[in-house]
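Taking it in order: structure first as structure tokens, then the write-up.
Throughout, a chain's letter reflects where its sequence line sits, starting with A, and its residues are numbered from 1.
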2 protein chains.
Amino acid sequence: MPKLTQEAIEGNKEHIEEAAKKLFIKHGFHGTSMRLIAAQADVSLGNLYNYYKTKEDILESIINKYELIINTKLKEIFDDIEEPLLPNNLINFGKKVQILVAEHYEFWLLMYIDVLEFENRHCRKMFENLTEKLNKRFYNHFTELKDNKDINNNVDPAIGFTVVYLQFFNYFLIEKLFGGNNHLGINDDEAIVKISEIFSRAIFHPNALEKFSVNKQ
Amino acid sequence: MPKLTQEAIEGNKEHIEEAAKKLFIKHGFHGTSMRLIAAQADVSLGNLYNYYKTKEDILESIINKYELIINTKLKEIFDDIEEPLLPNNLINFGKKVQILVAEHYEFWLLMYIDVLEFENRHCRKMFENLTEKLNKRFYNHFTELKDNKDINNNVDPAIGFTVVYLQFFNYFLIEKLFGGNNHLGINDDEAIVKISEIFSRAIFHPNALEKFSVNKQ
DNA sequence: TTATAAAAAACGTTCGTTCGTTTTTATAAC
DNA sequence: GTTATAAAAACGAACGAACGTTTTTTATAA
């Protein structure tokens with residue numbers, strides 16, 4: 001048989017990893033056997049080792065690729081919103097986090113595997129210097145708000161945005177993976193609005209809030 | 001050999017579960033073998049089955065006991081603070097969450113195991129109707145604030161407190177388990193203050209904030 | 001002596017991985 | 001246009017080790 005093209009190899013790996021991912025997030029790393037992966041991917045047990053040296057290699061490849069996807073999605077979200085702190089944009093941002101978590105909650109399950117089995121070795125860079133990174137991305141937005149004295153005393157917009165960013169993720173992860181079941185006592189859409197309102201009040205000076213008020217929408 | 005007293009049995013189980021917990025949070029459920037647990041607890045493999053029917057029974061017992069501990073600790077924290085939303089009390093509350101996570105981060109690792117392997121069956125009740133529960137506990141405090149018109153328009157104090165409560169936990173879990181490494185760009189003590197300030201601004205009317213201002217401390 | 005705890009041995013499975021074999025197919029030879 | 005070749009891919013039996021659990025044996029103390 002002639003050598004497979006690089007694309008064919010990638011395609012086959014994609015197929016295997018799709019199957020393995022399903023099993024890993026259902027049974028954990030050690031709870032998933034190579035035989036199960038092979039069966040789920042409709043591939044022979046031995047052939048798996050033509051593509052991966054070890055079982056851990058499969059998990060690593062899955063996590064690395066998924067991290068790329070998530071980072072791309074996050075970049076897309078951030079590219080779409082130039083001034084995320086504005087109240088209406090905050091709501092839109094929340095909705096996008098909602099969609100991201102709904103479509104890719106599996107990534108966070110993989111992250112919990114990573115936390116449990118590898119001390120979050122693969123995913124920890126997502127949290128390092130988070131505020132600094134967000135500050136760089138929205139530097140113009142944040143400094144403009146500060147220069148205009150729109151921001152409350154003692155509140156750093158970069159920290160404020162990091163906090164609301166993490167809050168949205170945390171909210172939807174609790175709902176999706178931890179059995180929250182409308183844990184705030186309101187539905188998701190209302191929760192997005194409520195959380196946005198809370199942080200708008202937190203970040204903006206009352207006068208600025210007037211300026212950005214909802215009827216501007 | 002005479003029958004063990006109930007206390008002796010409980011003591012032995014405590015000893016075994018202490019060992020098993022260490023291993024579960026390090027290698028996950030399926031990554032931990034009964035032989036390893038026996039060795040770690042300095043007990044024979046067969047003897048484990050005099051105390052537990054299955055391996056899963058050990059995990060269940062650990063989680064159930066730990067959940068009791070955490071709920072007790074949370075109750076203690078809430079018993080200590082009658083008016084948690086007041087800015088200074090919010091900081092104190094943050095410090096207590098900091099200590100709780102530092103001393104019992106293992107519980108959240110067990111929760112991630114529960115999420116991955118059992119759909120959070122054991123721990124999900126911690127998140128159900130969270131706002132409602134907090135609202136009941138601090139009903140007097142919240143209604144007093146509302147009656148005094150200390151609260152910002154559209155902000156529900158129960159939801160606000162739930163959000164800051166989750167925010168503190170999320171912050172310290174990211175730091176402890178996810179490799180955050182001062183992810184807000186400031187140290188833990190500063191983070192507590194910053195998060196408290198953010199939520200004080202969010203929840204309280206500016207006039208009320210004056211009333212509760214820091215020089216009251 | 002006797003009931004029971006603890007230890008040890010054994011059971012049948014399943015694990016991750018290896019490896020010899022078979023199947024496949026682009027290409028060279030006719 | 002058919003066939004032979006050869007390299008690569010896919011397969012699946014087999015390996016030794018380890019798994020969770022059961023059964024048997026030994027030690028202990030009233």
Side-chain angles (χ1 to χ4, degrees), chain A residues 1-63 110 113-114 116-118 122, chain B residues 1-63 110 113-114 116-118 122:
Chain A
M1 197 182 250
K3 206 166 189 153
L4 290 179
T5 64
Q6 200 57 41
E7 299 91 62
I9 291 177
E10 278 312 312
N12 290 348
K13 290 182 99 170
E14 199 57 54
H15 179 68
I16 291 168
E17 290 173 25
E18 190 59 42
K21 191 175 73 187
K22 241 184 218 162
L23 296 167
F24 281 148
I25 65 175
K26 206 175 176 74
H27 307 111
F29 178 72
H30 285 110
T32 300
S33 71
M34 292 296 271
R35 280 161 187 81
L36 260 175
I37 296 172
Q40 178 84 26
D42 219 15
V43 156
S44 74
L45 177 60
N47 200 21
L48 287 181
Y49 287 88
N50 291 329
Y51 292 91
Y52 305 93
K53 262 178 66 71
T54 64
K55 182 176 155 187
E56 194 173 323
D57 270 9
I58 300 180
L59 179 65
E60 267 194 23
S61 182
I62 292 172
I63 288 181
L110 290 171
I113 293 178
D114 196 29
L116 280 166
E117 318 239 9
F118 309 104
H122 305 93
Chain B
M1 201 178 249
K3 206 165 187 155
L4 290 179
T5 64
Q6 200 57 42
E7 299 92 62
I9 290 177
E10 276 312 313
N12 291 347
K13 290 182 97 170
E14 199 56 55
H15 179 67
I16 292 167
E17 289 174 24
E18 189 58 44
K21 192 175 70 186
K22 239 184 220 161
L23 296 167
F24 282 147
I25 66 176
K26 206 176 176 75
H27 307 111
F29 178 72
H30 285 110
T32 301
S33 71
M34 291 297 271
R35 281 161 184 80
L36 259 175
I37 295 173
Q40 179 84 28
D42 218 15
V43 157
S44 74
L45 176 60
N47 200 19
L48 287 180
Y49 287 87
N50 290 328
Y51 291 91
Y52 304 94
K53 264 178 65 73
T54 65
K55 180 176 157 187
E56 194 174 324
D57 271 9
I58 300 180
L59 179 65
E60 266 195 23
S61 181
I62 291 172
I63 288 180
L110 290 171
I113 293 178
D114 196 30
L116 280 166
E117 317 239 9
F118 308 102
H122 305 92

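Rounding to whole angstrom units, CD1 of residue I37(B) and P of dT21(D) are separated by 10 Å. When the C1' atom of dA5(C) is taken as reference, atom OH of Y49(B) falls 17 Å away, rounded to whole Å. Atom P of nucleotide dA6(C) and atom CE of M34(B) are separated by 15 Å, given to the nearest angstrom. Regarding N12(A), its CG atom lies at a distance of 11 Å from the C1' atom of dA10(D), rounded to whole Å. Atom CD of E56(B) and atom C1' of dC19(D) are 16 Å apart (whole Å). Between the NE2 atom of H27(A) and the C1' atom of dT14(C) there is a distance of 15 Å, rounded to whole Å. Atom CZ of R35(A) is separated from atom C1' of dT13(C) by 10 Å (rounded to the nearest Å). In this structure, L48(B) places its CG atom 16 Å from C1' of dT23(D), rounding to the nearest Å.
The closest donor-acceptor contact from the side chain of K55(A) to the backbone of F29(A) lies under 3.5 Å. A donor-acceptor pair under 3.5 Å links the side-chain atoms of H15(B) to the main chain of A41(B), judged by distance alone.
In this structure, the nucleotide among dA5(C), dT22(D), dA9(D) sitting nearest to the side chain of N47(B) is dA5(C). The nucleotide whose nearest atom lies closest to any side-chain atom of V43(A) is, among dC11(D), dG20(D), dG16(C), dC11(D). Distances were taken from every side-chain heavy atom of N50(A) (C-beta onward) to each of dA9(D), dA6(C), dA13(D); the shortest belongs to dA9(D). Here the side chain of L45(B) is nearest to one of dA10(C), dA10(D), dG12(D), namely dA10(C).
Counting any heavy atom pair closer than 4.0 Å across all strands shown, Y51(A) reaches sugar-phosphate atoms only and no base atom. T5(A) comes within 4.0 angstrom of nothing in the nucleic acid, heavy atoms only.
Minimum interatomic distance between E17(B) and S61(B) (heavy atoms only, all atoms of both residues): OE2-OG, 2.7 Å. Scanning both residues, D114(B) and H122(B), for their nearest heavy atoms gives OD1-ND1, 2.6 Å.
In terms of phosphate contacts, S44(A) brings a side-chain nitrogen or oxygen within less than 4.0 Å of OP1 or OP2 of dC11(D). Residue S33(B) has a polar side-chain atom (N or O) positioned under 4.0 Å from OP1 or OP2 of dC19(D).
The distance from atom CG of L48(B) to atom CG of D57(B), rounded to the nearest 0.5 Å, is 12.0 Å.
As the counterpart of dT24(D), dA7(C) is assigned, both hydrogen-bonding distances of the Watson-Crick or G-U wobble pattern falling under 3.5 Å.
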